[in-house]
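Each remark here refers to the structure printed beneath this line.
Keep in mind that this is a model prediction, so the values were computed, not measured. Letters A, B, ... are given to chains in the order of the sequence lines, protein chains preceding strands, and every chain is numbered from 1.
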Amino acid sequence: MEQDLNPETKIYGFWEKENLFRADPASSKKSYSVLIPPPNLTGELHLGHAMQHSILDAVARFRRLSGFDVLLLPGVDHAGIQFEATFDKELKKDSLSKEKLGREEWLKSAWEFKEKIYKSVSASWRMMGLSADWSREVFTLDEGPRRAVFEQFKTYWEKGMIYKGPYIVQWCPKCKTAIEDVEVEYEEREEKLYYLKYGPLTLATVRPETKFGDTAMAVNPKDKRYREYVGKEFEIETLAGKRKMKVIADDVVDPKFGTGVIKVTPGHDFNDYEIGKRHNLPILQVINKSGRLTELAGKYAGMKLEEARQAMIPELRERGILVKEEDYVHNVAVCERCKSVVEPLISEEWFLKVSELADGAVKVIDDGKIKFLPKNYAKILKDWLLNIHDWCISRSLWWGHRIPVWYRVTEVQRANGTKSIEVKVSLDSPGAGWVQDEQVLDTWFSSGLWPLSTLGWPFDFAQGKPSSERASLDPELAKYFPWDFEISAPEIKYLWIARMIMIANYFTGEVPFKAMFFHGMLRDLQGRKFSKSLGNGIDPMYLIAKWGVDATRMALYTYSIPGRDGRVSREILDERGKNFRNFATKIRNIARFVLELKPDSAHLGGVHSHSAKATQGESATSEVLRSDSSEVADADNKWIKEELEKTIKKVTNHLEKVGLHLATEEIYEFIWHKFADVYIEKSKRRRENAQPVLEYVLKTCLILLHPFMPFLTEEIYQKFTKRKKSIMLEEWPSAED
RNA sequence: GGACGGUUAGCUCAGUUGGUAGAGCGUCUCGGUGACAUCGAGAAGGCCACAGGUUCAAAUCCUGUACCGUCCACCA
């Protein structure tokens, strides 16, 4: 696509060429650092991203104009599970698969695919006008983050916080990997509750197909009805042979559910797993990692669960085991990514003990070191941290940071002739004969480190030292960490935000960011999330093409209220897009009036010298006003100047609190309904006299509006004869009290 | 079962510390005037979910109810 004629592309190129997005660690200016949440590398950016980026950019541009050395750091996330799912679909188109390619080949083409997607992400960033420092862009699988992730793993390992073992995990049979609780969603389903006879007892279950994995029956110890059975063993028909099962008593059993008796399947149910541990029950695996029944299921082996259930029912009925069926509505766990039903099963996984990390995070939240917007998120995060479980950090994927643990098997002649396995933690191969662990780390293990890994941690970083002492060690980390501002969608508050707080605090004793902004979710008019499967998405590029970037950004700011969801449709966004496109037109016309259709400069005397001084503030303006002889003009000038001052104050205030919807509203109101509708209209009768004020107010408005409508404001700014090279180099006007 | 958020004009939503309700779009009436019809002037339209309470005064604070939504939780 040939986009060179697009004025916005041109302006963006100009900014980049002039290095206006670059942070400068050597600068004496105070720093203001903003970390861009790395989007997942899985495709186009959606409306939520567009809003997020518009917010980030406004914050960054505001601070830059206010005299800060701003770092707006971009990057992308490899997004393990999601990327593999997307990429596998791509491969399928060419009738390829992971199995056919093998790890090495697969990774090679995965990287190519990554580059391809990355280009579209990067293009939309630029299209939105994001003033990011591209020289510092990071990808989570880059060498820097790779080393940082290793450092993290190694530290935990050395402190004994990492363990590996067979535990019950949420397993997605489609993604073929373990996933975390937080990656599981629940869907309400209408199923049947089956009442089955187990020896002398009858119990209720929705999953008769897990029968093959039952190793006990359980009742509540207080339940008088079954007291006589507790401790006794019965021979139970599983449809794949008979098995002896004991009746046990456990508090978790709800006497009011079903018959008050439950079957215990320690291998495929979290609850049952815990019961099993308490009562020393054997664990049987009846569901394999593809979500099919194992050989334990006899003739039902190999079937998918749903299939097996349907197939079993007639037999259960015939044998008189199934005595009753009821309609039953309950929640089924599904994979957040692929929506397939998740199966709890036992798998060999890596875990991280998180209690110490969580304690530290709770403390910094309690100490109020992070300003949350909206503020109730402090409590929400804290509640989660207080109930946290160990983190399953391994994933059976190929796309990610491979677990840096290596094994070497040595034959050892012992009495019993066993082999011994040496284990080493190392980033690269420790040498010949060493084999690396097959699994990769959970994506969030590296994302959680993002605030640090993007700034070159851990090198030259003195752990635990206060920031005042760090300056000489690593200027960049010292200057930009902790980050001043971070933004996120609320849906990843645990997966990502909580992890960043835990990890940053653990390694540095500091918070990862001083302000945390949760924006709301944009939904459709029915309140549903936008998703590919629903096909209800609205492409931000559509809005940009129709109304322009600046107008699209403005439309999105109206939805940028912290923590508040918004309902939108294409029509509604078109409305707003149109509104702000009109606003842009209005401003262009104001500029035409003020700058192009101005009276002969011969009559204007010292006007230009004034506009050069304008940014110095009030004194320059006052001089001009004094030179005005008419009382009416004096009053008008005074009025607009006061209104402008008020606007500056309000806009600044709102921007500092990230109330972007309020800031934009104020400028909009001032420019259109005060400056244009009133002052400009009146000024027509005394144009020459008003000219300096017109120019001063216009220029100030452009600066105020620049964080939100960067392209338009630069375009018009360039029409001033007295100006800096770019509006980005201007100073934020200060309101005086 | 817990926690939290929402309920304001036809639609989508604002409303800082309590002081006679706001925006955009839509609707209606005027207006081609030298910045702007991608516009201007003007208008209609709200017992701010409901019920109590605090207060001189509440959309705004407190309590409860209803409906909607989100998150969390080991309901088989």
Side-chain angles (χ1 to χ4, degrees), chain A residues 168 181-182 184-186 191 193-194 203-208 210 214 217-218 250-254 256-265 268-275 328 330-331 333 344 374 376-377 379-384 386-387 389 490-491 493-494 520-523 525-529 547-548 551 554-555 558-569 571-598 650 653-654 657 659 661-662 664-666 668-669 672-673 676-677 680-681 683-684 687 694 698:
Chain A
I168 189 158
D181 289 346
V182 272
V184 172
E185 280 176 3
Y186 291 87
E191 297 191 313
L193 188 59
Y194 301 98
L203 54 79
T205 180
V206 285
R207 308 192 62 193
T210 59
D214 293 345
M217 292 164 276
D250 199 291
D251 286 327
V252 298
V253 181
D254 178 1
K256 290 194 280 291
F257 176 82
T259 59
V261 186
I262 62 166
K263 62 199 226 19
V264 185
T265 323
H268 300 284
D269 184 288
F270 284 90
N271 223 356
D272 294 1
Y273 179 78
E274 293 300 321
I275 297 175
Y328 189 64
H330 71 141
N331 290 329
N376 61 331
Y377 273 78
K379 186 183 175 307
I380 294 175
L381 285 173
K382 197 182 134 184
D383 287 350
W384 184 76
L386 289 172
N387 278 306
H389 300 292
E491 60 181 351
K493 55 186 178 294
Y494 304 130
M521 299 281 290
L522 291 176
R523 303 169 176 283
L525 289 184
Q526 293 157 60
R528 300 176 305 180
K529 275 202 251 185
W547 309 112
M554 288 294 273
T558 65
Y559 284 97
S560 70
I561 299 110
R564 282 276 232 284
D565 290 355
R567 295 188 176 196
V568 296
S569 64
E571 290 70 29
I572 286 167
L573 285 170
D574 271 340
E575 253 172 33
R576 301 208 176 194
K578 182 177 161 193
N579 175 216
F580 290 111
R581 190 274 320 262
N582 291 354
F583 182 52
T585 307
K586 188 78 184 173
I587 294 171
R588 283 209 176 82
N589 282 313
I590 292 171
R592 177 132 58 97
F593 176 78
V594 173
L595 298 174
E596 288 169 24
L597 302 175
K598 66 180 170 189
K650 284 184 194 158
N653 202 333
H654 287 138
K657 294 178 182 161
H661 63 300
L662 297 173
T664 47
E665 201 178 277
E666 289 293 342
Y668 179 95
E669 168 69 18
W672 201 318
H673 300 300
D677 288 356
I680 290 183
E681 284 307 320
S683 79
K684 286 176 184 169
R687 180 62 199 271
L694 287 170
L698 174 59

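For the pair A:R564 and A:Y559, the cation does not sit on the ring face, since its NZ or CZ is not both under 6.0 Å from the ring centre and inside 45° of the axis.
Rounded to whole Å, the separation between the C1' atoms of B:A14 and B:G46 comes to 15 Å. Atom name P, nucleotides B:C68 and B:C75: the rounded distance is 22 Å, in whole Å. Using atom P as the reference point in both B:C4 and B:C13, the two lie 24 Å apart (nearest Å). B:G19 sits 35 Å from B:G2 when the P atoms are compared, rounded to a whole Å. The C1' atoms of B:A59 and B:C72 are separated by 30 Å, rounded to the nearest whole Å. Between the C1' atoms of B:A21 and B:G53, the separation comes to 23 Å (whole Å). B:G26 and B:C39 have their P atoms separated by 9 Å, given to the nearest Å. Across B:U63 and B:G6, the matching P atoms stand 14 Å from one another, rounded to whole Å.
Between A:K493 and B:U70 there is no side-chain polar atom (N or O) within less than 4.0 angstrom of OP1 or OP2. Here A:N582 reaches the OP1 or OP2 of B:C39: one of its side-chain N or O atoms lies under 4.0 Å away. Within the 4.0 Å cut-off from OP1 or OP2 of B:G15, not a single side-chain nitrogen or oxygen of A:K650 is found.
A:D574 has its CG atom 14 Å from the C1' atom of B:G26, to the nearest Å. For A:E666 and B:U16, the CD to P distance is 13 Å, given to the nearest whole Å. When rounded to the nearest whole Å, the span between CG of A:N589 and C1' of B:U38 equals 9 Å. For the pair A:D565 CG and B:C13 P, the computed distance is 9 Å after rounding to whole Å. In this structure, the CD1 atom of A:I680 is 12 Å from the P atom of B:G40, given to the nearest Å. Going from atom NZ of A:K657 over to atom C1' of B:G15 covers 14 Å, rounded to whole Å. Counting to the nearest Å, the C1' atom of B:C36 and the CD1 atom of A:I587 are 12 Å from each other. Following rounding to the nearest Å, A:I572 (CD1) and B:G26 (P) show an atom-to-atom distance of 13 Å.
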Original post:
Which dot-bracket string describes RNA chain B (Watson-Crick N1-N3 plus N6-O4 or O6-N4, or G-U N1-O2 and O6-N3, all under 3.5 Å; [ ] crossing; | other strand)?
Top reply: (((((((..((((.....[..)))).(((((.......))))).....(((((..]....))))))))))))....
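When the side chain to side chain contact (heavy atoms under 4.5 Å, CB included) test is applied to A:E491, the partners found at least two apart in sequence or on another chain are A:A489, A:M521, A:K529. By the salt bridge (charged side-chain N to carboxylate O under 4.0 Å, His left out) test, A:R207 is found to be paired with A:E209, A:E343, residues two or more places apart in sequence or in another chain being considered. Legend: residues meeting side chain to side chain contact (heavy atoms under 4.5 Å, CB included) with A:N589, ordered by chain and number and at least two apart, are A:T585, A:R592. A search for side chain to side chain contact (heavy atoms under 4.5 Å, CB included) contacts involving A:D677 returns A:K586, A:W672, A:H673, not counting sequence neighbours. A:F580 is linked by a ring-ring contact (aromatic ring centres under 6.0 Å, His included) to A:Y668, counting only residues two or more places apart in sequence or in another chain. Evaluation of the side chain to side chain contact (heavy atoms under 4.5 Å, CB included) rule for A:T664 yields A:M554, A:Y557, A:F708 as partners, not counting sequence neighbours. Not counting sequence neighbours, A:F270 has no partner by the ring-ring contact (aromatic ring centres under 6.0 Å, His included) test.
Base contact: A:I590 has a heavy atom under 4.0 Å from a base atom. In this structure, A:A676 reaches the bases: a heavy-atom distance under 4.0 Å links it to at least one base atom across the strands shown. Note on A:I561: only backbone sugar-phosphate atoms sit closer than 4.0 angstrom, heavy atoms only; bases stay farther off. No contact: A:L573 has no heavy atom under 4.0 Å from any strand. As judged by a 4.0 angstrom heavy-atom cut-off over every strand, A:E274 is placed among residues making no nucleic acid contact. Across all strands shown, A:Y559 has heavy atoms under 4.0 Å from sugar-phosphate atoms exclusively, and none from any base.
No donor-acceptor distance shorter than 3.5 angstrom exists from the side chain of A:H661 to the backbone of A:S560, with no hydrogens or angles considered.
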For nucleotides 74-76 of chain B, give me every protein contact, N/O to N/O, under 3.5 Å, one pair per line with atom names.
from: B:C74; atom 1: O2'; to: A:N271; atom 2: ND2; distance (Å): 3.0
from: B:C74; atom 1: O2; to: A:N271; atom 2: OD1; distance (Å): 3.2
from: B:A76; atom 1: OP1; to: A:H330; atom 2: ND1; distance (Å): 3.2
from: B:A76; atom 1: OP2; to: A:Y328; atom 2: OH; distance (Å): 3.0
from: B:A76; atom 1: N6; to: A:D254; atom 2: N; distance (Å): 3.0
from: B:A76; atom 1: N6; to: A:D254; atom 2: O; distance (Å): 3.3

Produce the list of close N/O pairs, under 3.5 Å, pairing protein atoms with atoms of nucleotides 22-24 of chain B; give distances to one decimal.
from: B:G24; atom 1: O3'; to: A:N579; atom 2: ND2; distance (Å): 3.3
from: B:G24; atom 1: O2'; to: A:N579; atom 2: OD1; distance (Å): 3.4

Show each protein N/O and nucleotides 3-9 of chain B N/O combination with a separation under 3.5 Å, one pair to a line.
from: B:C4; atom 1: O2'; to: A:N376; atom 2: ND2; distance (Å): 3.3

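In this structure, the separation between CG on A:N387 and NZ on A:K382 is 11.5 Å, given to the nearest 0.5 Å. Here the CG atom belonging to A:L698 is positioned 8.5 Å from the CD1 atom belonging to A:I587, to the nearest 0.5 angstrom. Taking NE2 of A:H654 as the start and NZ of A:K650 as the end, the distance is 8.0 Å to the nearest 0.5 Å. How far CD1 of A:I680 is from CD1 of A:I590: 4.5 Å, rounded to the nearest 0.5 Å. For the atom pair OH of A:Y328 and OG1 of A:T205, the computed distance is 10.0 Å after rounding to the nearest 0.5 Å.
Distance from the side chain of A:R523 is smallest for B:U70 among the nucleotides B:C71, B:U70, B:A35. Comparing B:C71, B:A41, B:A35 against the side chain of A:K586 picks out B:A35 as the nearest.
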**OP:** Produce a footprint string for nucleotides 27-34 of chain B: one letter per nucleotide, 5' end first; B if the base is under 4.0 Å from any protein heavy atom, S if only the sugar-phosphate is, - if neither.
**Re:** --------
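With hydrogens and angles left out, the side chain of A:E681 and the base of B:A41 share no donor-acceptor pair within 3.5 Å. Not a single donor-acceptor contact under 3.5 angstrom links the side-chain atoms of A:R567 to the base of B:U12.
Between A:K578 and A:D574 there is no salt bridge, since no side-chain N of the basic residue sits under 4.0 Å from a carboxylate O of the acidic one.
Taking both residues in full, the closest heavy atoms of A:A555 and A:G577 are given as CB-N, 4.2 Å, listed atom of the first, atom of the second, then distance. Minimum interatomic distance between A:T259 and A:L203 (heavy atoms only, all atoms of both residues): OG1-CA, 3.4 Å. The two residues A:L694 and A:F593 come nearest to each other via the heavy atoms CD1-CE2, 4.1 Å. Here the closest heavy-atom approach between residue A:M217 and residue A:V261 is recorded as CB-CG1, 4.3 Å.
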